[in-house]
Amino acid sequence: MAAQKNTTPAGAPADSAEAPPLHVAIVMDGNGRWAKRRALPRTLGHRAGVEALKRIVEAAPDMNIRWLTVFGFSTENWSRPAAEVAELMALPKRYFETDIARLEREGVRVRVIGSDKGLSRDLLKICREAEQRTAKNDRFFLNVAFNYGGKADIVDAARKFAEAVAAGRARPDDLTEALFESQLATGDAPPPDLIVRPSGEQRLSNFMLWQAAYAEFVFQDVLWPDYTAAHLQAAIAEFQTRNRRYGAVVPDDALAAG
Ligand code: IPE
Ligand code: MG
């Protein structure tokens, strides 16, 4: 197994204030509350959430973001009522049906990351088609995490390596952080610089556990269906005030400490 090209925090500058986040990940949350406030069924909240996703995917490339990973359905969301799960399962189709031609034209490469387990044949076909139609694009990378769980992502990567060892293609000593990371669902994408969660909740909910090691977190008090490019701008502005040190000290402090 060869490690794919990857950017690790170790290779990043100690202080990246002002630099825009290259990879932004968003936990799209608050659809249900948005609907409830309007006395609408939760399903309509999810549909409005897809419209917010369209707005953000359109706006992100102009903000110098190159990778966007969005959390659409978690491995834990199966425990929701069957009717709601059915609506959530229909969302990728709702999104790609209207938008895939534009994504293809505008140079967006789409990947749907997560487990195939439990997804219908139709849904998998729609996702694989979206990936194939955009496979040659490299202007902007959109990962849609669907039926995704961070723990499952790590276990799958561990299983792939264990299989390589069992088949004699790798030795236990070959395993490095970079090699392991390249086997995660986000593959050759750099880890997210910024993880955004709207709706007021402040937790990761099993999203990109490994990849989040040195991400900055921004939590925003807006429900996802109301999310606009201005909210993303605000999250980026907040990110740019942060002082990322990756466990080191900033040069000035190191000098002051002698
Ligand atoms: C996000 O909105 C959609 C998914 C998690 C699938 P929610 O459905 O979680 O909305 P709230 O949290 O109930 O408001
Ligand atoms: Mg929620």
Side-chain angles (χ1 to χ4, degrees), residues 24-60 68-100 110-120 122-124 126-127 130 142-154 185-186 192 194-209 211-212 215 217-232 234-235:
V24 175
I26 303 179
V27 180
M28 304 185 289
D29 197 14
N31 297 351
R33 279 163 283 171
W34 183 92
K36 194 171 174 197
R37 281 186 196 172
R38 287 164 176 73
L40 296 169
R42 291 177 64 85
T43 49
L44 292 190
H46 295 312
R47 288 181 200 180
V50 172
E51 298 309 312
L53 176 62
K54 292 179 186 177
R55 285 196 292 276
I56 295 311
V57 172
E58 237 176 290
L68 178 69
T69 303
V70 293
F71 205 5
F73 186 88
S74 86
T75 46
E76 287 73 37
N77 287 148
W78 290 106
S79 59
R80 294 192 178 196
E84 184 170 351
V85 169
E87 173 64 26
L88 291 166
M89 289 294 141
L91 295 183
K93 183 171 183 205
R94 190 172 277 279
Y95 178 47
F96 293 136
E97 230 168 33
T98 54
D99 275 42
I100 195 65
V110 176
R111 279 199 184 113
V112 182
I113 61 170
S115 170
D116 289 355
K117 251 181 251 146
L119 303 187
S120 75
D122 272 3
L123 174 55
L124 289 171
I126 287 163
C127 296
L142 172 67
N143 293 321
V144 179
F146 198 87
N147 202 18
Y148 175 88
K151 289 185 179 182
D153 194 1
I154 292 169
T186 38
L194 169 64
I195 298 182
V196 177
R197 185 165 190 162
S199 93
E201 310 289 354
Q202 302 195 356
R203 56 178 172 271
L204 200 48
S205 299
N206 197 18
F207 186 43
M208 301 183 95
L209 294 181
Q211 297 91 326
F217 289 83
V218 172
F219 299 105
Q220 293 175 297
D221 261 326
V222 52
L223 302 173
W224 176 248
D226 289 328
Y227 206 87
T228 63
H231 293 105
L232 185 57

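Both ligands and their constituent atoms are indexed starting at 1 by order of listing. In what follows, every heavy atom counts, from backbone to side chain, and hydrogens, waters and symmetry copies are set aside.
The nearest pair of heavy atoms linking Leu204 to Ala212 is CD2-CB, 4.0 Å. Considering every non-hydrogen atom in both Ser205 and Phe71, the closest pair reads O-CE2, 3.5 Å. Of all heavy-atom pairs spanning Asp153 and Ala185, the tightest one is OD1-N, 2.8 Å. Taking all atoms of both residues into account, the shortest heavy-atom contact from Phe219 to Gln202 is CE2-CA, 3.5 Å. Cys127 and Pro92 get closest at one heavy-atom pair: SG-CB, 4.4 Å. Residue Gly72 comes nearest to Phe146 through the heavy atom pair C-CD1, 4.3 Å, listed as atom of the first residue, atom of the second, then distance.
Proximity of Leu88 to ligand 1, defined as any heavy-atom pair under 4.0 Å, is confined to the side chain (atoms from C-beta onward). When heavy-atom distances to ligand 1 are checked against a 4.0 Å cut-off, Lys36 has no atom that comes that close, whether in backbone or side chain.
Polar contact check, Arg42 against ligand 1: a nitrogen or oxygen pair lies under 3.5 Å apart.
At least one heavy atom of Gly72 sits closer than 4.0 Å to an atom of ligand 1. Using a 4.0 Å cutoff on heavy atoms, Gly30 counts as a contact of ligand 1. Note on ligand 1: Glu201 sits outside its first shell, no heavy atom being nearer than 4.0 Å.
Among protein heavy atoms, atom 8 (O) of ligand 1 sits closest to Arg80 NH1, 2.6 Å. Of all protein heavy atoms, the one lying nearest to atom 2 (O) of ligand 1 is Asn31 N, 3.2 Å. Met28 O, 3.1 Å is the protein heavy atom nearest to atom 1 (C) of ligand 1. Scanning the protein for heavy atoms near atom 10 (O) of ligand 1, the closest one is Gly32 N, 2.9 Å.
Using cut-offs of 30° and 60° for the angle between ring planes, the Phe73 and Trp78 rings count as perpendicular.
No other N/O/S atom of Asp29 lies as close to the Mg ion (ligand 2) as OD1 does.
Residue Arg33 has at least one heavy-atom neighbour below 4.0 Å for each of these atoms of ligand 1: 11 (P), 12 (O), 14 (O). Listed by atom number, the atoms of ligand 1 under 4.0 Å from Asn77 heavy atoms are 5 (C), 6 (C).
Geometrically, Arg38 engages Trp34 in a cation-pi contact, judged by NZ or CZ lying under 6.0 Å from the ring centre and within 45° of the ring axis.
For the 3.5 Å distance criterion, the side chains of His231 and Thr228 qualify, holding a donor opposite an acceptor.
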